[in-house]
Amino acid sequence: FQTRDTDSESGPITRALHSLPPLGVEWVMGVDIPFPRGIGVGLDYTPISQHDIEAATAGVVTPITMDAYYYTTTLRFYFFNPNDPGINYFIGVGLGFIDGKILATVAGSPPLLIPFSQSPVGSRRFGLETRGDHFGFRYELVLINADNVTLQSNPYPDVLGDGPNKTKLDFSGSMVRTTFFYQF
């Protein structure tokens, strides 16, 4: 279990949840129609951390520590029956939220702990999986649309004298997920 730097002011339940590795639970069902041949509904938890020391020690930027947590529900459509052994392809959509904290250092003051969040966050998913009787492997590309993440406050307002006090950030991007799983 990993202790997060930005959880210093969080309660014990939040710290315990945030210390978990990425995990997910999915219920799958084969259907008897041409497409999709299977449907899966799942819940995913993905912690994403950044601790940028190298840029800070080089004197280029101020050090920033960020911990983000991506919670999502997913709906996957399988090309073949997901309960049969073999290779299967899927497409899917997800809906969830992102929350987290940034620990930012501003010259001459103690570090600031700044919460951020966005709800809802949409995603598209494409992937393939291979499975045996119980064990399997999944490779998935997730395209995340998080273009309205709201900071509680901006630690660097108007740094150059002509910039806006921006509190909306774009965390959109892609994530590749590889998963080993067990099917009951």
Side-chain angles (χ1 to χ4, degrees), residues 1-29 39-56 62-76 82 90-106 110-127 129 131 134-155 167-184:
F1 292 103
Q2 181 178 0
T3 303
R4 310 284 180 189
D5 292 335
T6 60
D7 274 345
S8 60
E9 297 176 4
S10 299
I13 294 173
T14 301
R15 284 196 305 265
L17 175 66
H18 289 173
S19 69
L20 294 173
L23 59 93
V25 176
E26 183 178 16
W27 172 77
V28 295
M29 175 181 77
I39 297 173
V41 177
L43 300 169
D44 291 327
Y45 162 74
T46 308
I48 304 167
S49 294
Q50 177 182 352
H51 189 73
D52 192 1
I53 300 176
E54 288 183 25
T62 58
I64 293 177
T65 299
M66 179 186 76
D67 293 313
Y69 307 97
Y70 180 44
Y71 306 89
T72 185
T73 58
T74 59
L75 178 62
R76 291 182 181 91
F90 63 87
I91 58 173
V93 293
L95 188 63
F97 65 95
I98 290 178
D99 76 338
K101 295 179 183 173
I102 296 174
L103 186 63
T105 304
V106 179
L112 301 171
L113 196 58
I114 303 163
F116 61 87
S117 64
Q118 178 180 336
S119 178
V121 174
S123 65
R124 294 173 303 228
R125 295 157 182 270
F126 310 92
E129 67 181 35
R131 74 172 63 225
H134 294 288
F135 289 95
F137 174 77
R138 177 181 290 165
Y139 182 85
E140 180 175 34
L141 173 65
V142 182
L143 304 174
I144 301 169
N145 183 19
D147 58 356
N148 200 19
V149 174
T150 305
L151 289 172
Q152 188 178 44
S153 65
N154 184 353
T167 57
K168 302 277 186 194
L169 300 175
D170 189 350
F171 279 27
S172 297
S174 60
M175 178 173 29
V176 173
R177 298 179 60 179
T178 56
T179 308
F180 291 100
F181 63 88
Y182 181 82
Q183 180 179 5
F184 296 97

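Contact check for Glu26 versus Arg138: side-chain heavy atoms found under the 4.5 Å cut-off. Using a 4.5 Å cut-off on side-chain heavy atoms (C-beta onward), Val176 and Tyr139 make contact.
A donor-acceptor pair under 3.5 Å links the side-chain atoms of Gln118 to the main chain of Asn148, judged by distance alone. Looking at Tyr69, its side chain never comes within 3.5 Å of a backbone N or O of Leu17 through a donor-acceptor pair.
Atoms CD1 and CG, on Ile91 and Leu141 in that order, are 13.0 Å from each other to the nearest 0.5 Å. The distance from the CD1 atom of Ile39 to the CH2 atom of Trp27 is 7.5 Å, given to the nearest 0.5 Å. Separating the CD1 atom in Ile98 from the OG atom in Ser117 is a distance of 9.5 Å, to the nearest 0.5 Å. For the atom pair Thr72 OG1 and Leu95 CG, the distance stands at 6.5 Å (nearest 0.5 Å). Between atom NZ of residue Lys168 and atom CG of residue Leu151 there is a gap of 9.5 Å, rounded to the nearest 0.5 Å. For the atom pair CD (Gln152) and CD1 (Ile102), the distance works out to 11.5 Å, reported to the nearest 0.5 Å.
Minimum interatomic distance between Phe116 and Phe171 (heavy atoms only, all atoms of both residues): CE1-CE2, 3.5 Å. Heavy-atom minimum distance, Asp44 versus Gly24: OD1-CA, 3.5 Å. Here the closest heavy-atom approach between residue Val142 and residue Arg125 is recorded as CG2-NH1, 3.7 Å. Of all heavy-atom pairs spanning Ser49 and Asp67, the tightest one is OG-OD1, 2.6 Å. Here the closest non-hydrogen pair linking Ser172 and Ala146 is OG-N, 2.9 Å. For the residue pair Phe126 and Leu143, the shortest heavy atom distance occurs at CE1-CD1, 3.7 Å.
More than 12 heavy atoms of other residues, nucleotides or ligands lie within 6.0 Å of OH in Tyr182, so this atom counts as buried by the packing criterion.
For Arg124, there are no salt bridge (charged side-chain N to carboxylate O under 4.0 Å, His left out) partners, not counting sequence neighbours. With sequence neighbours excluded, the residues satisfying side-chain contact (heavy atoms from CB on, under 4.5 Å) with Thr46 are Ile48, Tyr70, Met175, Arg177.
A salt bridge links Arg76 to Glu140: at least one charged side-chain nitrogen sits closer than 4.0 Å to a carboxylate oxygen.
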